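This one's a predicted model, so the numbers in the text were calculated from it and none came from an experiment.
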Amino acid sequence: MLSGKLPLGFGYLETDVHATSDGVLVAFHDDDLARLAGDPRSISECTAAELSTLTVAGEPIPTFDQLLETFPDAHFNVDVKERRAAAPLARAIQHHGARNRVLVGSFNGGRRRAVARLLGAGHVVATSPGVLGVGLATALGSFIRYPRALLGDFAALQVPERQGIVPVAGEKFIAHAHAAGLQVHVWVIDQAPDMHRLLDLGVDGIMSDHADVLAAVLTERGCWPQNVHGS
């Protein structure tokens, strides 16, 4: 059952979203239910009512509306996993007045742009670019601050530390991004020494599958609990 308390103290949460066949947005990573719920169907083949009968590790699959309502002080980094999820995500952000606490990202830039278009000019929402945008930012180096029109009005660059043998989130990349007014978030980092090293380089956020390890690292560095309202 969802609880409004965040026992580890995290105020920034990452999730993926899919839309059901009747347009309800749910927080779920996989395209289908086979691995986690033992059901061969995809999320898009199920109605919200059908999903409500399934559980993952004994817990129901939450809707994105439920997350926003249950954790009213939390900020969410949302990966739009399919184009059909764009419209219900935009509706949820508008309905809950959550534009200041939802950062919309996607490996597919078209999905992110679809959400931005649906929100409209009067509803600015923080976004991060897709794979091509990150590649362009990496190639531009120190020139990233000038052609921002090519990249878009992003709040952050969300990147792996390296892509294959090519380093991405290095010291120069982080410095160039900061000079352009962009945060750098790195994924997926699960080991404490790697977290410390990246934080020493100046990254602004770390995505991890091991929240307890990240909490311990931030405690060691005197950055805990997180202050979602700034200082």
Transitively linked via ILVMFWY side-chain contacts under 4.5 Å: Val26 with Leu54?
-> yes
If every non-hydrogen atom of Ala27 is compared with every non-hydrogen atom of Ile61, which pair is closest and at what distance?
-> O-CG2, 4.0 Å
Would you name the heavy atoms of Gly202 and His178 that are closest together and state the gap between them?
-> O-CE1, 3.1 Å
Looking only at heavy atoms, the pair that brings Ala90 and Val115 closest together is CB-O, 4.3 Å
Indicate yes or no: at least one non-hydrogen side-chain atom of Val24 is less than 4.5 angstrom from one of Phe64.
-> no
Hey, can you tell me if Phe10 and Trp224 have their rings parallel, tilted or perpendicular (30° and 60° cut-offs)?
-> perpendicular
Under the side-chain contact (heavy atoms from CB on, under 4.5 Å) test, which residues partner Ala34, sequence neighbours left out?
-> Asp32
Search all heavy atoms of Arg101 against all heavy atoms of Leu68 and return the closest pair with its distance.
-> NH2-O, 2.9 Å
So, His18 and Arg84: side-chain donor and acceptor under 3.5 Å apart, yes or no?
-> no
Do Leu103 and Phe76 have side-chain heavy atoms sitting under 4.5 Å apart?
-> no
Compare all side-chain heavy atoms of His75 with those of Leu13 and state whether any distance is below 4.5 angstrom.
-> no
Can you tell me which residue pairs pass the salt bridge (Lys or Arg N to Asp or Glu O under 4.0 Å) test with a partner in residues 158-175, sequence neighbours excluded?
-> Glu161-Arg197
Test side chain to side chain contact (heavy atoms under 4.5 Å, CB included) applied to Pro88 and Thr20, Val17, Leu25, the passing residue = Leu25
Hey, is Asp31 close enough to Arg41 for a salt bridge, meaning N to O under 4.0 Å?
-> no
Scanning both residues in full, the closest heavy-atom pair of Ala192 with Val217 reads CB-CG2, 3.7 Å
Examine the side chains of Thr63 and Asp65 and answer whether a donor and an acceptor come within less than 3.5 Å of each other.
-> no
What do the steps show when you test Ser208 against Asp190 for side chain to side chain donor-acceptor pair (under 3.5 Å), and what is the final call?
-> CA-CA 5 Å; Ser208 177; Asp190 291 334; 3.0 Å; yes
How many angstroms lie between atom CD of Gln183 and atom CG of Asp204, to the nearest 0.5 angstrom?
-> 4.5 Å
Shortest non-hydrogen contact from His29 toward Lys81 = O-CE, 3.6 Å
